[in-house]
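Worksheet: the structure to be examined is printed underneath.
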Amino acid sequence: METIRRQLAPLVQGRKLERVRILDPRWSRPLAPAELEDALTGRCVLALGRRGKYLVWECSGEVYLLQHLRMTGSVLHAPDPPPTHVRAWIELDRGGPLAIVDPRRFGTGELALGEQALESFFSARLGLEPLDERFSAEYLRGLAGGRQTPVKAFLLDQRKLAGVGNIYADEALFRARIHPLREAGRLSLADWERVREAVVWALLAGIEARGATIDDFRHVDGVWGSFQDRFQVHRREGEPCPSCGRPIVKLRVAGRGTYVCERCQPRPRAFKRQAAGRAGRFAPRSASR
DNA sequence: CGCCCTGTTGGGGA
DNA sequence: ATCCCCAACAGGGC
């Protein structure tokens, strides 16, 4: 039912975009729906690719549709009956229509005209892919140098590393035994090497759990749950750490729910003091209601 | 039933 | 440079 890239690609590659209908103006911002529809209609889809968390529709004439699913977006092939929350319809020259569905309406479809525009769009937003051969402990340390930002916020910053999301960051830091609040600039090269290894491991574990490939997307029916079960800490508040048994604690870091074993991932000193004393404004919020 | 909180994300303003 | 809030909706706890 739900489509991932591997399933979507054969449906669209080499096909003509017969008609594109945007139902939700928010989806195509900043472009007006009619502008995006006009730019795509009649073009041939040469390839369907992925960069970071973007789905890239490469169309004839160097026109690129850059689609982001955000939290709840998906692409359905010929859904019957038509689902709720359809934000756009894409009709191909053959095969059923594709529905872009997104209950929460965070998803977007942007246009890049020309290869130059494509590259500048991504170079402004995305760093290396974790499976890029240039991805190394030295790369991480170089980017993190001098930064006070928490290491988890650093990992979630798509301009540093492309494609690492909240669950992956928690899992990778747990495996690397690094507390998410540690200052990125204070990690040693050995720390970064463990982080690098753990990020790659989490990525591959997530892919394997879904029976997917690196270029597939999430949101396959029934697969998200089992995928989540493979992870050891995320959303496991109060459950015993699989390594030492201490209950997993929930924090808020970088505005995201963050799960950590504070024995396996020792808290940095500055935060130990803060936590012991009165709750200062730098103290991590647990649940301030 | 209603109120409140949470969340697989990223951007803009403070 | 960094943090906070917001987008809009569904689902769960109380």
Side-chain angles (χ1 to χ4, degrees), chain A residues 2-5 23-30 50-55 66-75 83-87 100-110 121-122 124-127 143-172 180-186 202-203 205-207 209-210 212 216-231 233-238 250-259 270-271 274 280-289:
Chain A
E2 298 221 39
T3 327
I4 54 179
R5 199 194 78 93
L23 308 186
D24 178 6
R26 181 183 308 279
W27 190 81
S28 61
R29 284 190 319 184
R50 178 196 64 83
R51 292 233 207 156
K53 299 175 189 171
Y54 287 87
L55 188 53
L66 312 175
Q67 183 183 6
H68 200 304
L69 301 173
R70 284 305 214 281
M71 312 234 317
T72 56
S74 59
V75 182
T84 53
H85 308 304
V86 175
R87 304 304 167 196
I100 292 168
V101 177
D102 187 1
R104 216 164 148 185
R105 299 174 72 198
F106 286 179
T108 53
E110 297 183 61
F121 181 93
F122 284 124
R125 288 170 176 78
L126 301 181
L143 285 181
R147 283 172 202 281
Q148 297 187 284
T149 197
V151 60
K152 177 165 177 185
F154 178 89
L155 288 180
L156 290 176
D157 186 343
Q158 302 295 298
R159 292 169 301 187
K160 308 294 188 298
L161 209 50
V164 176
N166 195 36
I167 293 174
Y168 288 88
D170 275 2
E171 194 64 17
L181 283 173
R182 284 184 56 189
E183 281 181 32
R186 294 196 171 191
L203 188 60
I207 290 166
R210 310 196 317 270
D216 293 335
F217 276 73
R218 55 173 191 260
H219 298 312
V220 188
D221 274 353
V223 177
W224 177 250
S226 63
F227 159 59
Q228 225 179 346
D229 289 345
R230 301 279 184 109
F231 291 89
V233 292
H234 192 73
R235 294 225 200 182
R236 308 232 176 230
E237 184 177 23
K250 181 181 181 186
L251 309 173
R252 187 161 290 267
V253 180
R256 303 285 177 261
T258 300
Y259 299 80
F271 286 98
Q274 295 277 349
R281 50 191 281 258
F282 296 110
R285 290 162 41 195
S286 40
S288 59
R289 326 187 343 83

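All values reported here derive from a predicted model rather than from experimental measurement. Just so it is clear: chains get the letters A, B, ... in the order the sequence lines come, proteins before strands, and each one is counted from 1.
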With a cut-off of less than 4.0 Å, is there a side-chain N or O of [X] near OP1 or OP2 of [N]?
{"X": "A/Arg256", "N": "B/dG7", "value": "no"}
{"X": "A/Lys250", "N": "B/dG7", "value": "yes"}
{"X": "A/Arg252", "N": "B/dG7", "value": "yes"}
{"X": "A/Lys53", "N": "B/dT8", "value": "no"}
{"X": "A/His68", "N": "B/dG10", "value": "yes"}
{"X": "A/Gln158", "N": "B/dG10", "value": "yes"}
{"X": "A/His85", "N": "C/dA10", "value": "yes"}

Residue closer to the 5' end of DNA chain C, A/Pro150 versus A/Arg26 (nearest nucleotide):
A/Pro150

5'-most contact on DNA chain C (nearest-nucleotide basis), A/Gly255 vs A/Gln148, goes to A/Gln148

Give a yes or no answer on whether the side chain of [X] reaches the backbone of [Y] with a donor-acceptor pair at less than 3.5 Å.
{"X": "A/Gln158", "Y": "A/Gly163", "answer": "yes"}
{"X": "A/Arg50", "Y": "A/Gly52", "answer": "yes"}
{"X": "A/Arg186", "Y": "A/Arg182", "answer": "no"}

If you only use heavy atoms from C-beta on, which nucleotide in [options] is closest to the side chain of [X]?
{"X": "A/Asn166", "options": "C/dC3, B/dT8, C/dA7", "result": "B/dT8"}
{"X": "A/Tyr259", "options": "B/dT8, B/dT9, B/dG7", "result": "B/dG7"}
{"X": "A/Met71", "options": "B/dG10, B/dG7, C/dA1", "result": "B/dG7"}
{"X": "A/Thr149", "options": "C/dT2, B/dG11, B/dT9", "result": "C/dT2"}

Side chains of A/Lys152 and A/Asp170: closer than 4.5 Å at any heavy-atom pair?
yes

Answer yes or no: is there a side-chain heavy-atom contact under 4.5 Å between A/Asp102 and A/Leu69?
no

Using atom [atom1] of [X] as one end and atom [atom2] of [N] as the other, report the distance to the nearest whole Å.
{"X": "A/Glu183", "N": "C/dC3", "atom1": "CD", "atom2": "P", "value": "10 Å"}
{"X": "A/Asp102", "N": "C/dC9", "atom1": "CG", "atom2": "P", "value": "10 Å"}
{"X": "A/Glu110", "N": "B/dG11", "atom1": "CD", "atom2": "P", "value": "8 Å"}
{"X": "A/Arg105", "N": "C/dA7", "atom1": "CZ", "atom2": "C1'", "value": "9 Å"}
{"X": "A/Arg87", "N": "C/dA7", "atom1": "CZ", "atom2": "P", "value": "15 Å"}
{"X": "A/Ile167", "N": "B/dT8", "atom1": "CD1", "atom2": "P", "value": "5 Å"}
{"X": "A/Asp24", "N": "C/dA7", "atom1": "CG", "atom2": "P", "value": "15 Å"}
{"X": "A/Leu156", "N": "B/dG10", "atom1": "CG", "atom2": "P", "value": "8 Å"}

[atom1]-based separation of [M] from [N] [nearest Å]:
{"N": "B/dT8", "M": "C/dT2", "atom1": "P", "answer": "24 Å"}
{"N": "B/dC5", "M": "C/dC5", "atom1": "P", "answer": "13 Å"}
{"N": "B/dT9", "M": "C/dA1", "atom1": "P", "answer": "23 Å"}

Atom CH2 of A/Trp27 and atom CD1 of A/Ile100: how far apart are they, to the nearest 0.5 Å?
4.0 Å

Flag as yes if A/Phe106 stacks onto the base of C/dA7 (centroids under 5.5 Å, planes under 30°), otherwise no.
yes

Could you please name the partner base of C/dT2, counting Watson-Crick and G-U wobble pairs only when both distances are under 3.5 Å?
B/dA14

